[in-house]
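What follows is a single structure, written as structure tokens, with notes after it.
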Amino acid sequence: MNDMTITRAEREAKLEGMGCKRKRVEDIRFTQGKGNYVDDVKLPGMLHGDFVRSPHPHARIKSIDKEKALKVPGVLAVLTAEDLKGVNLAWMPTLAGDVQMVLADGKVLFQNQEVAFVVATDRYAADDGINAVEVEYEALPVLVDPFHAMDPDAPVLREDLAGKTEGAHGPRRHHNHIFEWTVGDRDLTDAAFRKAEVTIKEMISYHRTHPSPLETCQCLCSFDKVKGELTIYGTFQAPHVIRTVVALIAKIPEHKIHVIAPDIGGGFGNKVGAYPGYICAAVASIVTGRPVKWVEDRIENLCATSFARDYHMTTEIAATKEGKVTGLRVHVLADHGAFDACADPSKWPAGFFNIVTGSYDFPTAHLAVDGVYTNKAPGGVAYRCSFRVTEAAYCIERAMDILAQKLGMDPAELRLKNFIRQEQFPYHSALGWEYDSGDYHTAMKKMMEVVDYAGLRREQAEKRAAFQRGETREIMGLGISFFTEIVGAGPSKNCDILGIAMFDSCEIRLHPTGAGIARMGTKSQGQGHETTWAQIIATEIGIPADDIMVEEGNTDTAPYGLGTYGSRSTPVAGAAIAMAARKVKAKAQMIAAYRLEVHEDDLEWDIDGFRVKGLPEKFLGMKDICWIAYNAPPPGMEPGLEAVSYYDPPNMTYPFGAYLCVMDIDVDTGVYKVRRFYALDDCGTRINPMIIEGQVHGGLTEAFAIAMGQEIRYDENGNVVTGSFMDFFLPTAVETPHWETDFTVTPSPHHPIGAKGVGESPNVGGVPAFSNAVNDAFSFLGSTHIQMPHDFWRNWQAAKTLGAV
Ligand code: PCD
């Protein structure tokens, strides 16, 4: 029964299991224009909806006149907040426990806010309809600067909250205050600062930016009046959550809602939340009895559906004069815009920002986060980071450099001195996390060796001397970043979304001929799940990855899952896949034992089947077992070979990495050049090294964009001044540096296959590496901290302020 003509290595290679650089199966359709995205879905009689948006950042709405719009040929309906009130949908709950206007109710709170929804036979007619809607506004004073949000005379933004002293996360101190979140031991930390020999304090800002995936947010809603069923095709990173939310707020029974997320053209956190467009398209379909499509354009995407960051972090470190850290104190002012629509697990108003102690052994720490309202778009999404982790990593990695500078110590040496040591894992951080595993010293030393860190520092010293002598106008910076990520939300003991525990799931069904299908609660947006999930199954049960079809995104067929974001798919669904596969394998073992006429315990697993211990010729392969499962299972056993697993992880996973950026900056123009970028990632067991490398390339490119120029900026009147790709920096192949990748492997001890997430790591680690490089370049001229983004103009400004030009 065993094909003895092929070697074990050949049998193993045939599986294309874990560790194999398997080519991405989804690329066959993506590279040939055969993807099936929401905008490719066309239903008979389909209508198009589009928004009237506010030109004002803060204004009262005196009237909305639809009459002219309704006369525009092709326009069938115009929805306003008044219409939505009839179905109780003028406002919707946010994931963060706040409420948000679906359509402007009485006033607008940010520029480009949704005011009315025009439904027409095509997009052009809808646009003409928009221009014919007459809205009368009365401008109100605008609040842009979060540092003035809680001034006594600051304008009242949220009139709906008037008099409410309690918010979703505790007391509110001011009409524009959302919450205060504190973690850690204040007294112990204050004491550490009193005793400190050296302290630093810096206000480190992480500016507002936006994930801007190539495909914007969109949906197609179709209500079937006869069956009372609503079908929604949408760009959803978490389809099941969307189904539950729709059931709760639209009061449609959950089994009568079909949510389908087809191929997605990038998510990056933008497609986690629920947006007014989804509600309006659904209501419009119910009202008109026809399918209604809503597709955001680029300007709408950048200006309305979600922002990221906008964290202003006043950071203090206490240390000994030898450079041992003794305390960390951080106060964050978080600008949430007009509604708190942060996409975090429900009980985490600042996400996992309390990973801010980073990779260092801080004996004590204290953190306070104040969230405030301003006249800006809502959001607060995890743009390629696990819920505010990129902010935390930026905060601590910048602060460690500032401390090194104050101590006159090399930043690499300071880090090595303060790392959590390998024997301290599992490590309990001062702010409450249990780091599962890590080996920071090995990773850091590997990085320093590969790049010749000492040599680079010597070169920098020479260049600085040459600059001082007036022989060059170029300065050189070395940006180190050593980050610890926290991914895999998450254990039900700490994480839920609207009360649903953040588990994930996998269902595997093998067919008689030894092929099968696997379905997950996650949803790929380009990460390559169809490729990697099959690899886990291949290694676990010995069926070639090519014989496993992976399906995600249809809530009717996929088991319930919480979706893909926060690099949670590998830590949570990846574990569910292994667990489901092991259930299948356990049944297969019973079948094999029966067939081979031995006790189950006398069998051992061998690549793609079971072998009788000590009798190498007695072997039964998985393909044969599949057939037997349907053809002649052992007496008393149910036919079939399938299993499902819902996995609630015992802990998060903590990937980490050591990055280095070498940058040259011309002080006369501010023009920088990334000469070298080295990224070492440790994500535990690696499923597909090629996909990991691609993930790192993508994440570094986004980190580069954010650190070096990408920004959602408002002028003092509340106008968005970076509302298109003309002004919003999206690097192309021309600007993108060359990336060098490397790795170490420190498996997660609690994950069934030892894997940690990786998709977000390069963003989390990349941003501080770039910023530290710029800051390191300028430091010898006397600066301690220059705020991001470091575009040419700001670099030139810095040079000027420091007297270099
Ligand atoms: N992996 C491997 N190994 C390991 C890990 C991992 O292999 N160890 C792979 C997997 O399988 C997949 C990937 O890699 O495929 C990834 O993974 P992860 O890390 O787990 O993650 P996920 O969950 O899957 O995903 C998510 C992420 C995120 S989060 C983001 S942003 C981004 C990333 O992912 N996004 C994106 N990446 C990407 N890519 C693409 N292409 N696209 C997109 O969109 Mo958030 O929170 O949402 O913000």
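Owing to the predicted nature of the structure, the values given are computational and were not obtained by experimental measurement. First listed ligand is number 1; within each ligand, the first listed atom is number 1.
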Margin query: Considering non-hydrogen atoms of the protein only, which is the closest contact for atom 39 (N) of ligand 1, and what is the distance?
Written below: Gln695 NE2, 3.2 Å

Margin query: Give me the nearest non-hydrogen protein atom to atom 48 (O) of ligand 1 as residue plus atom name, then the distance to 0.1 Å.
Written below: Ala382 O, 1.6 Å

Note to self: In terms of relative ring orientation, are Phe482 and Phe656 parallel, tilted or perpendicular, with 30° and 60° separating the classes?
What the structure shows: parallel

Notebook entry, point to check: Which pair of non-hydrogen atoms, one from Thr744 and one from Asp682, has the smallest distance, and what is that distance?
Noted result: OG1-OD2, 2.8 Å

Notebook entry, point to check: Do the two ring centres, one from Tyr206 and one from Tyr394, sit under 6.0 Å apart?
Noted result: yes

Margin query: Quick one about Thr484 and Ser359 (side-chain donor to acceptor, distance below 3.5 Å, no hydrogens or angles considered), yes or no?
Written below: yes

Note to self: Just to check, does Gly566 reach to within less than 4.0 Å of ligand 1 when the distance is taken from its heavy atoms?
What the structure shows: yes

Margin query: Just to confirm my output: which protein heavy-atom neighbour is closest to atom 32 (C) of ligand 1, and how far is it?
Written below: Phe268 CD2, 3.8 Å

Margin query: Can you report which non-hydrogen protein atom sits closest to atom 3 (N) of ligand 1, along with the distance?
Written below: Ile687 N, 3.1 Å

Item checked: Ligand-residue contact atoms, ligand 1 with Tyr383, heavy atoms, under 4.0 Å -> 48 (O)

Check: ligand 1 versus Ser524, non-hydrogen atoms closer than 4.0 Å: side chain, backbone, both, neither?
Finding: neither

Next item on the list: Determine whether any heavy atom of Pro689 lies closer than 4.0 Å to an atom of ligand 1.
Entry: no

Next item on the list: Report, in ascending order of atom number, the atoms of ligand 1 lying under 4.0 Å from any heavy atom of Thr685.
Entry: 4 (C), 8 (N)

Check: Are any of the N/O atoms in Thr564 less than 3.5 Å from those in ligand 1?
Finding: no

Notebook entry, point to check: Which atoms of ligand 1 are found less than 4.0 Å from any heavy atom of Gly266?
Noted result: 44 (O)

Notebook entry, point to check: Nearest to atom 28 (C) of ligand 1, what protein heavy atom do you find, and at what distance?
Noted result: Glu760 CG, 4.0 Å

Next item on the list: Please report which non-hydrogen protein atom sits nearest to atom 17 (O) of ligand 1, along with the residue it belongs to and the distance in Å to one decimal place.
Entry: Thr570 OG1, 3.4 Å

Next item on the list: Indicate whether any N or O donor in one side chain lies under 3.5 Å from an N or O acceptor in the other, for Thr532 and Asn688.
Entry: no

Check: Using a distance-only test with no angle check, is there a side-chain donor-acceptor pair under 3.5 angstrom linking Thr564 and Ser569?
Finding: yes

Check: For ligand 1, which atoms, with element, lie under 4.0 Å from some heavy atom of Cys385?
Finding: 46 (O), 48 (O)

Note to self: Ring centroids only, cut at 6.0 angstrom: are Tyr427 and Tyr440 within range, meaning strictly under it?
What the structure shows: no

Next item on the list: Identify the protein heavy atom lying closest to atom 30 (C) of ligand 1, giving its residue, its atom name and the separation to 0.1 Å.
Entry: Arg384 CG, 4.2 Å

Check: Does any pair with a residue in residues 431-440 pass salt bridge (Lys or Arg N to Asp or Glu O under 4.0 Å), and if so which ones, sequence neighbours excluded?
Finding: Asp436-Lys756

Item checked: Aromatic plane relationship, His240 with Tyr560 - under 30° parallel, 30 to 60° tilted, over 60° perpendicular -> tilted

Next item on the list: Pull out every atom of ligand 1 sitting under 4.0 Å from any heavy atom of Thr532, numbered as shown with elements.
Entry: 10 (C), 11 (O), 15 (O)

Notebook entry, point to check: Any N or O of Gly269 that comes nearer than 3.5 Å to an N or O of ligand 1?
Noted result: yes

Next item on the list: Note the single closest protein heavy atom to atom 40 (C) of ligand 1, along with its residue, its atom name and the distance in Å.
Entry: Gly526 C, 3.6 Å

Note to self: Tell me the contacting part of Gln527 for ligand 1: side chain, backbone, both, or neither, using a 4.0 Å heavy-atom threshold, strictly below.
What the structure shows: both

Item checked: ligand 1 contact on Trp533 by region, counting heavy-atom pairs under 4.0 Å -> side chain

Notebook entry, point to check: Does atom NZ of Lys446 have more than 12 heavy-atom neighbours from other groups under 6.0 Å away?
Noted result: yes

Checklist line | Glu26 and Thr531: side chain donor to acceptor below 3.5 Å | finding: yes

Next item on the list: If the plane angle is over 60° it's perpendicular, under 30° parallel, otherwise tilted; pick one for Trp433 and Trp348.
Entry: parallel

Item checked: Glu552 versus Trp533, side-chain donor and acceptor atoms under 3.5 Å -> yes

Next item on the list: Would you check the N or O atoms of His529, main chain and side chain alike, for any that come under 3.5 Å of an N or O of ligand 1?
Entry: yes

Margin query: Pairs of nitrogen or oxygen atoms closer than 3.5 Å, one from Val758 and one from ligand 1: do any exist?
Written below: yes

Item checked: For Arg568, atoms of ligand 1 separated by under 4.0 Å from a heavy atom -> 23 (O)

Notebook entry, point to check: Which atoms from ligand 1 have a heavy atom of Lys756 less than 4.0 Å away?
Noted result: 4 (C), 5 (C), 8 (N)

Notebook entry, point to check: Any chance the rings of Phe353 and Phe387 have centres within less than 6.0 Å?
Noted result: no

Check: Just by distance, with hydrogens left out, do Thr235 and Gln218 show a side-chain donor and acceptor under 3.5 Å apart?
Finding: no

Next item on the list: Counting heavy atoms only, name the option from Pro571, Gly759, Gly267, Pro213 that's nearest to atom 44 (O) of ligand 1.
Entry: Gly267

Next item on the list: Of the side chain and backbone of Gln237, name the one, both, or neither that has a heavy atom under 4.0 Å from an atom of ligand 1.
Entry: side chain

